[in-house]
Structure formats: structure tokens, C-alpha cells
2 protein chains.
Amino acid sequence: MNDLRETAEMLKVVSHPARLEILQKLETDVLCVSDIEDILGVGQSNVSQHLSLLRRAGLVDCYMDGKLRCYFLKDPRALDIIGLIKKKYDGPLPSPACCPVRPGAKSSRSAD
Amino acid sequence: MNDLRETAEMLKVVSHPARLEILQKLETDVLCVSDIEDILGVGQSNVSQHLSLLRRAGLVDCYMDGKLRCYFLKDPRALDIIGLIKKKYDGPLPSPACCPVRPGAKSSRSAD
DNA sequence: TCATCATATTATAATATTATTATATGTGAC
DNA sequence: GTCACATATAATAATATTATAATATGATGA
């Protein structure tokens, strides 16, 4: 049951707008560091640090192309994470049927 | 394109083993704080803090049942997050086809 | 009302994350 | 080799997260 800790760790790595955007861009393109720098508009070393986190977590990998380090998606979980960004959900989940009280109510007996 | 920031925020909230476990348990049961205390084996105020985070993020909600606060899942995204915990993935994603070099290689020309 | 149970909130210290700056490493061209 | 470019790493200060302990709130029942 250490899936919990492992999943939480992966989620922590992706729970940053910059890293999420990196994953999103890598879904369709292979990008080098300076590409990502331009896309995100953040400093080189910061990009490098984000990539380092993603790489240590196994979410991305890279190959060398001349002087360039070309990053690409590696972990299939990344696709599911990216999917969350654009997915359309309709409304909240239904309230539990068994013990029905208005959600958020101050008390189960307060007046209607 | 603020989906990124919003999704990242949601992910940050769920990227903690205790909160992930809370969501997982709430998938099948409505639970009060002391239930969760027992399940997770952590202190009351810590559970309350985790629930507070989840509630502010809109992931869960609760109703009163006598003295008890009964928590349940509210945000459908929670189900997708829970799904990640047990989902089976087979192997890494295929390497990019266009610029194929061995992933992680020191150089695109290093010896085999 | 008061006492009690269940939960929330506050305060706090330890730790982790973040962005920035400066510096180091590695690669290819010459 | 040296140079310039692309990227990584280290150092650091600001900020955020975490767990714990202490206290406060709110509901129920006597």
C-alpha cells in the first residue's frame, strides 16, 4: 500500500504550474531547455531545476543533440496528468444517498 | 490558459499521502473526523487541517450528523486522482520517433 | 444552565520549496 | 588546446508546508 506515498510524490512533482506546462508542451513536442525557457518565460537555471525534478521523478528523459538536451515524456502517468488540465467535468459528484442532509449544512436538523 | 494554475493548485492539495488516503477512503465511505483519525493514525488536529485544505479546494464537503461532521467526495476530479493510485501502466512511453537516440545517452554519438 | 464530546483554529518550530544569482560542467567549432 | 554556447549545479534568501501542542468553538444531553 505504498502506492499512496509513491503517487503522492509524483503528484507533488507535477503540482507546479511551470512543470505542468512543461509536461503539456512535451506531449506534442520534443523540446530543449532554451525552447522551454522561451515558452515559459522563466530563467534558464529555474527551467533546469524544474527539468531536474521531472527527470529524477522519471516523468521525462532527454537525449543529446549536439549541444542541446532534448527532453521528452517518459512516464505514461504524465499523460493522465496532462489530461486533467483540459478535461471537462460536469458539476459536483452526487451527494451520498444514505445519510442525506444538505451538504455544508450547519446542522442536520436546522430549518429548511 | 489558467487551467494550468488551477490544476496545479488542485494537484498540490492532493499531493500528500494522508490527503490522498482520505480521498481514497471517501470514495466508498462517508467518514467523520474521528473515523479518519483512526484510519490514518494521525492526530485529530492534523486530520482537521488536512480536511480543511481538501474542503477549501472544493474536493470534499461535509454535513452534520449530530455532533459528527461527515465528509464525502464532492469534486469529480478526485475520482481521477484516486484512479491514479491503483492504475497499472506498462512500461515507459515510446521514445520520440523523429530524433531517435538512446534516451539518457551522454551524447548522440557515443559508442554503443 | 453546565458538562462533555467532536471538531476547528491558532501558534509555533522544523522542514521543504521556490526563484534568483553566481558559478561550474560539458559539447562542438576552430 | 581555447572559445562560445547550452545546460547544470550550488548557494541563498524568501516563502510555504508540515506536525504538534494548546486552545477555542459548537452541538448534544442532563
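Chain naming here is simple, since letters A, B, ... match the order of the sequence lines and numbering starts at 1 in each. Just so it is clear, the model here is predicted, and its values are computed rather than measured.
- Under the rule for a side-chain contact (heavy atoms from CB on, under 4.5 Å), the partners of A:Glu27 that lie at least two apart in sequence or sit in another chain are A:Leu73, A:Leu79, A:Ile82.
- As rounded to whole Å, 13 Å separates atom C1' of D:dT20 from atom CD of B:Glu37.
- Residues B:Leu20 and A:Met10 share a single hydrophobic cluster, defined by chaining ILVMFWY side chains whose heavy atoms lie under 4.5 Å apart.
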*asked:* Does the protein touch nucleotides 8-17 of chain D at the base, only the backbone, or not at all? Give it as B, S and - per nucleotide, heavy atoms under 4.0 Å.
replied: BBBB-----S
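- Toward the 5' end of DNA chain C, the nearer of the two residues B:Leu68 and A:Ser15, judged by each one's closest nucleotide, is B:Leu68.
- Taking atom CD1 of residue B:Ile36 and atom P of nucleotide C:dA6, one finds them 14 Å apart after rounding to whole Å.
- Not one side-chain nitrogen or oxygen of B:His50 sits closer than 4.0 Å to the OP1 or OP2 atom of D:dT18.
- Put simply, CD on A:Gln24 and CZ on A:Arg19 are 15.0 Å apart, with the number rounded to the nearest 0.5 Å.
- Summarising the geometry, the separation between CG on B:Leu53 and P on C:dT10 is reported as 14 Å, rounded to the nearest angstrom.
- Note that OH of A:Tyr71 and CG of A:Leu59 are 13.0 Å apart. Values are rounded to the nearest 0.5 Å.
- For the side chain to side chain donor-acceptor pair (under 3.5 Å) with B:Lys87, the qualifying choice from A:Asp80, A:Thr7, A:Asp3 is A:Asp80, the only one to do so.
- Nucleotide C:dT27 holds its P atom 17 Å from the OH atom of A:Tyr63, rounded to whole Å.
- With rounding to whole Å, A:Met64 atom CE is found 12 Å from D:dA6 atom P.
- Here the P atom of nucleotide D:dA27 and the NZ atom of B:Lys67 are 12 Å apart, to the nearest Å.
- Using a 4.5 Å cut-off between side-chain heavy atoms of Ile, Leu, Val, Met, Phe, Trp and Tyr, with links allowed through other members, B:Leu54 and B:Leu84 fall into the same hydrophobic cluster.
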